[in-house]
Structure formats: C-alpha cells, structure tokens
Amino acid sequence: METVITRFPPSPTGFLHIGGARTALFNWLFARHHGGKFILRIEDTDLVRSTEASVKAILDGMEWLGLNWDEGPYFQTQRFDIYREYAERLVSTGHAYWCECSPEVIESRRKAAMAEGRKPKYEGTCRAKGLGPGSNRVLRFRTPDTGTTVLKDLIKGPILFENSELDDLVLVRGDGVPTYNFAVVIDDITMNVTHVIRGDDHVNNTPRQILIYMALNARLPEFGHLPMIHGEDRSPLSKRHGATSVMEYKELGFLPEALVNCLVRLGWSHGDEEIFSRAELIEKFSLEAVGKSPGIFNMEKLLWLNAHYIKEKQPEDLVPLLRPFLSARGYPDRPDGYLAGAIGTLQARSRTLVEMADAMRFYMVDEVVYDEAASAKFLGADMRNAFDRLTAELESLESFNEEGLEAVFKKVTGELGMKLGKIAQPVRVALTGATVSPGLFEIIGVLGKETVLTRLRRALARME
RNA sequence: GUCCCCAUCGUCUAGUCCGGUCCAGGACACCGGCCUUUCACGCCGGCGACGCCGGUUCAAAUCCGGCUGGGGACGCCA
C-alpha cells in the first residue's frame, strides 16, 4: 500500500473547537496508524473572516493535544498561482466557463426557488455565452447535466448523487480568489492526499469535488465522513452548550490525554474498551470501527476520564501542570517536593486541576480559614484535653510517618478512652479548616511537624 | 421545499456486514451496599434500550419496504 497522506484543513475564523479537534485527531491517528503523513493546511481564502490570531489559536490547540503534523502549515492564500493554473486548464478543456451574472440576480433567483419549494440552482445562464475573464466575472464549473456521481465513503458506504441535482458551482470569485470547493480539490491533488477524512457536513460537497477531480483527470482520494458532534439537545455543538474551544478545556483543568480519549470514543470504539493510551490508539485505530450516527458530547464522561488520568500520573509530573492554577489563586510559592506530596493526597479526590488547586488551599496558605459550622461543631472546649495531650505527644515524635502518627493517636485516644473517630474530625478541622479532606496522617505527613503543631495550638487557643 | 445521511439504556457504545450463542454486553451518570478517621478512590449489586408498522423466515436488534423522528446540505463561507 502506498504511503497514506491525510490532512487537517481548518479555516482560521475562530478557535480550534471540539468538532475540529476530533477531525484532526482522526486524521492524525489514521496517518500514524499507517505510518503515513499528516498535513496541516490553513484554509484562509475567506479573506474577510480569517485572522492571524485564529491561526495561532488553532496551532496552540493542536500542540496541546499532541497532534503534530509532518508538513505545513500551508496557507491557501499563498497558493493562488497554483489555483490559477488549474483554473485555466479547466477553461481550456471546456470544464469551466466565465459567468457575468451579478450576485444580486443569483440571490433573488435563489430566494424565489426556495419560496416555490424548488431546490435553488444556478440555471446555467452564461454557459453558452463564451465569455472571457473580466472584472467581477466568476468562473463556474460546467457540471454534467446527466449521469450519477458515486461517493464510495469509507464510513458511510456508497452514496449516489444525480448530477442533475447539482449546479454549476463557482470555482473562482469575482475578485479572483478561489472558492473552498475548488481550492481543497487542487490542494489535495497537489499535496498527494490519499485519504480525506472530514465532517459529515461535507458529504454534499463531495460529488461536486469528485466531478472536478474527474474533469482534471486526477486520481480520486478515498473519502471518509465522520458524523457530527452535538450538544445535549441534539443540536450542533455551540457556545451555549458550554466550552467549545479546546483551549478552554485546558483552562478548566483537563489533561490533553483525557480530552483525546474522550474525543476518540465519540464515534469510534474498540470492543468494550474505554481507556486508551496514545500508543494503543495508534495501534488500534481504524475507520471501519467508526460509527455512522452523530454523537453527543458528554461532559460527565470527560470528567471521569480526566479523573482517571489525574490518578494515573506521577505527582511530580502533575506539579508543573498544576502550578499555573496555584498561582492564579494567589497562593504563596512552595517547593516542587512539597507540592508533589500534597498532590499525592489529592489525586484520587480531584476530577480536574481546578478542583485540585481549590482543594490545595490549606496546604498552601500560612493560616487556614475555618469553616464556621465546622469549627463550632468540632473545636469546642471538650476537645481541650485531647488536643493538649496530642500536641505534647506530637512534639516529641521524631519521624512524622504513618506508623509513628498512628501510634501517637492510638496512645492519646487510648488514654482518654475515646475512639479515633472522635478526635479525627476536630484535628481535621484544626489542620484544614474543613470537615472534608484527605486522610489525616497523609495531611500531617505533608504539612510537617512545625505547621501541624502551630495549627493545633491555634485551634486549642480558640477552644474557650 | 428539494437532495443526502442517521436511528440499541438519559449519554458514549458492543452486537447488525455472515439472522439463532442477545428475555441484548460494557462504560459514564444515577441508586443501594462494602471498605473507612471525613470526603474521595476501590470493590459488589441495582435501575435502564433494540423508534413505529408491515414483510421475508422455523427464527430478526440483525434482511427488505414504509412511516416517524433527528441531523446535514442547498453561498462569489469553509
């Protein structure tokens, strides 16, 4: 089999969104699985809406997800000469002609057709005029009047289109800029793309594109159309469904491996498996296992996956990822080792880095803030004695490890004839300010002797 | 309106190509229980679906037709 070449061609009119990211991911995986090439191409022929900031945002998103490309990014605006050459070829072979119909006329005919319940189509007014190029004239493709165009879709199977349903699409605009349907075909031909994997919304463009390939005598690539991703209400994913930009997920504290895992399972499956490492994805990915029906993006599953990947990581590896969230909260700076220790106690309790950073507060601040209800309930005068004894015992404890701490707590509770549970919550409140936290001995181990004693004494002082 | 696509638990899906092994399996969420110094994690259990109607067949989630529902496209946007 020849080298597989796929591409991801975003238009730089916004951020890299969830749908685009999945398309990119599937193209990337397909190329990697087959040991082929993955090309990044920026489709910026919409001069008005394209921005450089969007290009940057898309590249950032790709990089964060780890979708590296082998060629590009190419920019369509830098390839006008190529398109012009192919346009001339189509004219000289009788596959394209110049049209002088004004956009206004076309538009009003379109509306009229819709109003009458007909499919709006360009009638071919200028087909036989034999016009040459001129200002404001567009170049149109001469679509065959009869016949059937077949799209052999790798995902959906064969789809038939009657050529009579199609009209003479514009290849080059009045200002000389090529349109999407023309530019993609030329790009995919000249970049030797072998597999076009893209969103479902392009199915209806495909017969037109196939006709252009045929007019150019170019070899057809394979096509695979992915079903769309919808929001909870089954409408196309948009802002009102929450975060749509990939980078927003980074800011919400998600790990790229979780998003990738979530995205790949939307439409693709491998038996009953849910969790896939990058290497496993590359090994197992195939278009045959891609489903045909649209899927709904499910935040709960993403959270579960993210929790999984947070648990799986080494605490040290989480430190640099968490730091931005920590400093955003204005916590004092702490050494890596200390942070890693704290993270280790929070991994099983955090679904996102945001949750983790929030839960980190008591590890970071110099003085804990007591939850009022908790302090009223657990830091009463009845605990004075126990805290007194505990403080004294801890003061003389050499190593603050689990065994030593447990021994101390057992000794004190034994002496006072109380259960561990009785003293645990008050100590927890004294150390963290709240009733919910990681295990007591874990916390003490991370906080260290000095801080623990300071916090216990401060709590003791409040017990009047 | 016209053309195109899709249809299994609330959600993601396995099974559908090659009918019987499926009174439909897994995962998320939800509900119980266990573990336990709190909360989580983990473990165990529960709830829950083949859109509808016909046809073919000894037998249909699986094949065929229709209907309904959803989505997409119909731009000098991509």
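The chains referred to below are lettered A, B, ... by the order of the sequence lines, with proteins before strands, and numbering in each begins at 1.
Across all strands shown, C43(B) forms a Watson-Crick or G-U wobble pair with G33(B), both key distances being under 3.5 Å. Across all strands shown, U21(B) remains unpaired; no Watson-Crick or G-U wobble contact has both distances below 3.5 Å. C63(B) and G55(B) make up a base pair, with Watson-Crick or G-U wobble contacts both under 3.5 Å. With both pairing distances under 3.5 Å, C28(B) is matched to G10(B) as a Watson-Crick or G-U wobble pair. Across all strands shown, G1(B) forms a Watson-Crick or G-U wobble pair, both distances under 3.5 Å, with C74(B).
Residue F409(A) is classed as having no contact, given no heavy-atom separation below 4.0 Å to the nucleic acid. Nucleic acid contact for H225(A): none, since no nucleic acid atom lies under 4.0 Å from a heavy atom of the residue. Backbone-only engagement by I159(A) is indicated by non-hydrogen atom pairs under 4.0 Å involving sugar-phosphate atoms exclusively. Residue contacts for P10(A): at a heavy-atom cut-off of 4.0 Å it reaches no nucleic acid atom on any strand shown. Residue-level contact check: G295(A) touches the backbone only, with heavy atoms under 4.0 Å from sugar-phosphate atoms and none from bases. The residue C101(A) sits close to a base: some heavy atom pair falls under 4.0 Å.
For P120(A), taking side-chain heavy atoms from C-beta onward, the closest of the listed nucleotides C74(B), U13(B), C39(B) is C74(B). Here G26(B) is the nucleotide among U37(B), C6(B), G26(B) with the atom lying nearest to any side-chain atom of D272(A). Listed candidates were C28(B), U37(B), A78(B). Nearest to the side chain of A424(A) is U37(B).
Taking atom NE2 on H202(A) and atom P on G71(B), their separation rounds to 19 Å, with Å as the unit. Distance F182(A) CZ to C76(B) P: 15 Å, rounded to the nearest Å. Atom NZ in K156(A) sits roughly 6 Å away from atom C1' in C6(B) (whole-Å rounding). Taking atom NZ on K301(A) and atom C1' on G10(B), their separation rounds to 13 Å, with Å as the unit.
At distances below 3.5 Å, not a single donor-acceptor pair connects side-chain atoms of R142(A) with backbone N or O atoms of G124(A). When atom types are taken as modelled, the side chain of R137(A) and the backbone of G132(A) share a donor-acceptor pair closer than 3.5 angstrom. Looking only at distances, a side-chain donor or acceptor of R265(A) sits under 3.5 Å from a matching main-chain atom of W268(A).
Looking at R349(A), its side chain comes within 3.5 Å of the base of C39(B) through a donor and an acceptor atom. In the interface, the side chain of N205(A) is paired with the base of A78(B) through a donor and an acceptor atom under 3.5 Å apart. Checked by distance alone, K292(A) brings no side-chain donor or acceptor within 3.5 Å of a matching partner on the base of A7(B). Remark: the E274(A) side chain and the G26(B) base include a donor-acceptor N/O pair separated by less than 3.5 Å.
Residue-to-nucleotide proximity on RNA chain B shows that, of V138(A) and A348(A), the 5′-proximal contact is made by A348(A). The residue among T435(A) and I296(A) whose nearest nucleotide of RNA chain B is located toward the 5' end is I296(A).
Using a 4.0 Å cut-off, some side-chain N or O of T45(A) falls inside it from OP1 or OP2 of A78(B). Put simply, S269(A) has a side-chain N or O that comes within less than 4.0 Å of OP1 or OP2 on A14(B). In this structure, R110(A) does not reach the C74(B) phosphate: none of its side-chain N or O atoms is under 4.0 Å from OP1 or OP2. Applying the 4.0 Å criterion to OP1 and OP2 of A40(B), one finds that K311(A) has every side-chain N and O outside that range.
Taking atom P in both G70(B) and C9(B), one finds a spacing of 16 Å when rounded to whole Å. One C1' atom belongs to G54(B), the other to G48(B), and the distance between them is 29 Å to the nearest Å.
Comment: E393(A) engages R389(A) in a salt bridge, judged by a side-chain N to carboxylate O separation of less than 4.0 angstrom.
Contact check for T206(A) versus I159(A): no side-chain heavy atoms found under the 4.5 Å cut-off.
Ring geometry for Y83(A) against F80(A) counts as tilted: the plane angle lies between 30° and 60°, on a 0 to 90° scale.
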- prompt: So R41(A) and E43(A), salt bridge (Lys or Arg N to Asp or Glu O under 4.0 Å) or not? Walk me through it.
  reply: CA-CA 6 Å; R41(A) 182 171 76 219; E43(A) 311 226 321; 3.0 Å; yes
